[in-house]
Amino acid sequence: MSFKKEYRQLPTEGIVVEIVRKSEEWRVQVYGVYWFAKANRHLDFNPGDIVRVVGRRGNKLIIDKQKCESLYTIDDH
């Protein structure tokens, strides 16, 4: 009998699309999928902010400030 553990890597970043409760909860888009998100500490995000996904608690993502260059690009064409 073979036992295989499956590990899923969390995406590294997303974009804030809506403030649900100021400084408490947001909706973020990650690879085209919308998630509710919270932060582990007091942070303030606005729509359009790029955030780093650091975990997941149930069906909510845990987000933090983005520390490196974004994978998202804006194309004017």
Side-chain angles (χ1 to χ4, degrees):
M1 185 162 96
S2 173
F3 180 75
K4 181 181 176 184
K5 289 185 179 180
E6 182 180 330
Y7 294 95
R8 295 181 183 189
Q9 182 178 355
L10 289 169
T12 56
E13 67 178 29
I15 186 166
V16 175
V17 294
E18 178 184 0
I19 299 170
V20 177
R21 284 191 309 260
K22 187 161 179 61
S23 301
E24 289 185 29
E25 188 173 6
W26 304 267
R27 278 185 59 99
V28 298
Q29 184 180 12
V30 180
Y31 295 129
V33 178
Y34 293 91
W35 294 80
F36 286 100
K38 290 187 160 248
N40 279 336
R41 56 194 176 111
H42 180 75
L43 294 170
D44 214 9
F45 297 112
N46 294 304
D49 288 350
I50 304 298
V51 294
R52 184 169 54 110
V53 177
V54 296
R56 193 176 97 184
R57 191 174 301 134
N59 63 352
K60 289 186 181 177
L61 298 180
I62 308 302
I63 58 175
D64 205 344
K65 289 187 175 191
Q66 180 68 336
K67 292 184 178 179
C68 60
E69 186 176 322
S70 174
L71 297 174
Y72 287 93
T73 58
I74 298 173
D75 188 6
D76 292 336
H77 303 300

- Task: For residues Val28 and Val51, determine if any side-chain heavy atom of one lies less than 4.5 Å from a side-chain heavy atom of the other.
- Result: yes
- Message: side-chain contact (heavy atoms from CB on, under 4.5 Å), that's the test. Do Ile19 and Phe45 meet it? Break it down for me.
- Response: CA-CA 8 Å; Ile19 299 170; Phe45 297 112; over 6 Å; no
- Task: Answer whether the closest heavy-atom distance between the side chains of Glu18 and Pro47 falls below 4.5 Å.
- Result: no
- Any idea which heavy atoms bring Trp26 and Leu43 closest together, and the distance? CZ2-O, 3.6 Å
- Item | From CA spacing to verdict: side-chain contact (heavy atoms from CB on, under 4.5 Å), Phe36, Val20 | CA-CA 8 Å; Phe36 286 100; Val20 177; 3.8 Å; yes
- Value for CD1 (Ile15) from OH (Tyr31), rounded to nearest 0.5 Å, stands at 13.5 Å
- Test side-chain contact (heavy atoms from CB on, under 4.5 Å), reference Trp35, set Arg56, Arg27, Gln29, output is Arg56
- Note on the structure: Output for pair (Arg52 CZ, Glu13 CD), nearest 0.5 Å, gives 10.5 Å
- Item | Sidechain N-carboxylate O distance under 4.0 Å for Asp44, Lys22 | yes
- Message: Would you say CZ of Arg21 has more than 12 non-hydrogen atoms from neighbouring residues, nucleotides or ligands within 6.0 angstrom?
- Response: yes
- Task: Measure the spacing between CZ of Arg41 and CG of Asp64 and express it to the nearest 0.5 Å.
- Result: 4.0 Å
- Item | Closest non-hydrogen atom pair, Val53 against Val30 | CG2-CG2, 4.3 Å
- Item | Heavy-atom closest contact (Ile50 atom, Gln66 atom, distance) | O-CB, 3.5 Å
